[in-house]
Amino acid sequence: MDALTLMRKGPVIPVIVVNDAAVAVDLAHALVAGGMTVLEVTLRTKAALAAMRRMRDELPEVIVGAGTLRTRPQMEAALDAGAQFCVSPGLTPELASAARSAGVPFIPGVATPSEAMHAQDEGFLVQKLFPAEAVGGVRLLQALAGPLPDLRFCPTGGIHAGNAAEYLAQPNVMAVGGSWLTPDDAIGTRDWARITRLAAEAAALAHG
Ligand SMILES: O=C(O)C(=O)C[C@H](O)[C@H](O)COP(=O)(O)O
């Protein structure tokens with residue numbers, strides 16, 4: 001599977017911060033019930049690797065990847081835990097080289113034309129625009145389309161139910177990602193119905 005295929009399967013990608021691996025499977029089921037098929041677990045917490053492993057074991061129908069990767073050891077740990085794709089807020093030479101031997105899609109983060117061109121030189125034509133809203137959002141994506149027509153983006157950072165559709169309508173946007181689908185307080189109170197509702201609302205935007 002390549003990055004484009006991944007994003008066609010999951011045009012909205014929940015970006016998940018999980019503090020307790022014990023909730024991972026219920027959380028994933030709640031997202032899947034709302035129509036999500038691709039999930040990103042950020043490596044920001046100690047529970048992330050175990051959470052990913054549990055999701056892989058219990059939900060074989062879902063594609064689970066690792067986010068917030070900053071180093072080669074993190075990528076290796078994510079792959080060991082079963083990550084089927086990897087996402088980073090940026091791109092370093094170390095990550096580019098690790099990604100080339102990873103055997104799964106890698107989506108580097110970019111925020112400027114030079115970063116996008118550098119990532120393209122490294123072989124990554126599908127990129128994460130991050131932090132999307134802060135660096136120019138839809139207008140930046142529209143401005144990049146002319147000079148960088150080969151690139152496709154997954155904007156994240158500041159995306160929510162109110163602006164996701166406008167992003168998804170851009171021809172160079174393949175998917176959007178964000179944490180709005182999995183609010184901390186909903187995970188804390190195990191309000192899976194709320195998470196399913198948020199996911200269903202997002203899935204409808206993607207298909208609308
Ligand atoms: O963890 C990563 O891989 C990142 O680089 C950043 C996340 O995609 C964004 O932090 C999500 O942004 P929000 O939806 O605004 O919370």
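We count residues from 1, following the sequence as given. Counting starts at 1 for both ligands and their atoms, in listed order. Values reported hereafter were calculated over all heavy atoms of this structure, with side chains retained and with hydrogens, waters and symmetry mates removed.
Near Gly157, meaning under 4.0 Å from one of its heavy atoms, ligand 1 places the atoms 12 (O), 15 (O). Ligand-side atoms of ligand 1 in range of Gly178: 14 (O), range being under 4.0 angstrom from any heavy atom. In the vicinity of Gly67, heavy-atom distances shorter than 4.0 Å reach the ligand 1 atoms 3 (O). Listed by number with element, the atoms of ligand 1 under 4.0 Å from a non-hydrogen atom of Thr42 are 1 (O). Within ligand 1, counting atoms from 1 as listed, the ones closer than 4.0 Å to a heavy atom of Pro89 are 5 (O).
At least one heavy atom of Lys128 sits less than 4.0 Å from an atom of ligand 1. Heavy-atom separations between Gly109 and ligand 1 are all 4.0 Å or longer. Residue Glu40 places a heavy atom under 4.0 Å from ligand 1.
Using a 4.5 Å heavy-atom threshold, the side chains of Glu122 and Arg100 count as touching. Put simply, the side chain of Leu205 does not reach to within 4.5 Å of the side chain of Val12, judged on heavy atoms.
Nearest to atom 9 (C) of ligand 1 among the protein's heavy atoms is Phe130 CE1, 3.6 Å. With respect to atom 16 (O) of ligand 1, the closest heavy atom belonging to the protein is Ser179 OG, 2.5 Å. Closest to atom 15 (O) of ligand 1 among all protein heavy atoms lies Gly158 N, 2.8 Å. Atom 7 (C) of ligand 1 has as its closest protein heavy atom Arg44 NH2, 3.4 Å.
Salt bridge status for Arg8 with Asp2: absent, with no side-chain N to carboxylate O gap under 4.0 Å.
Side-chain atoms of Arg72 and Thr92 form no donor-acceptor pair, as typed in the model, at a separation below 3.5 Å.
Around the CD atom of Glu115, the shell of radius 6.0 Å holds more than 12 heavy atoms that belong to other residues, nucleotides or ligands. In this structure, Met1 places its CE atom where more than 12 heavy-atom neighbours from other residues, nucleotides or ligands lie under 6.0 Å away.
A centroid separation of 6.0 Å or more is found between the aromatic rings of Phe106 and Phe85.
With hydrogens and angles ignored, the 3.5 Å screen pairs a side-chain donor or acceptor of Arg152 with a backbone N or O of Pro149. Panel note: side chain Gln127, backbone Gly109; no donor-acceptor pair is recorded below 3.5 Å.
The option from Thr68, Ile13, Val41, Val87 that lies nearest to atom 1 (O) of ligand 1, judged by heavy atoms, is Thr68.
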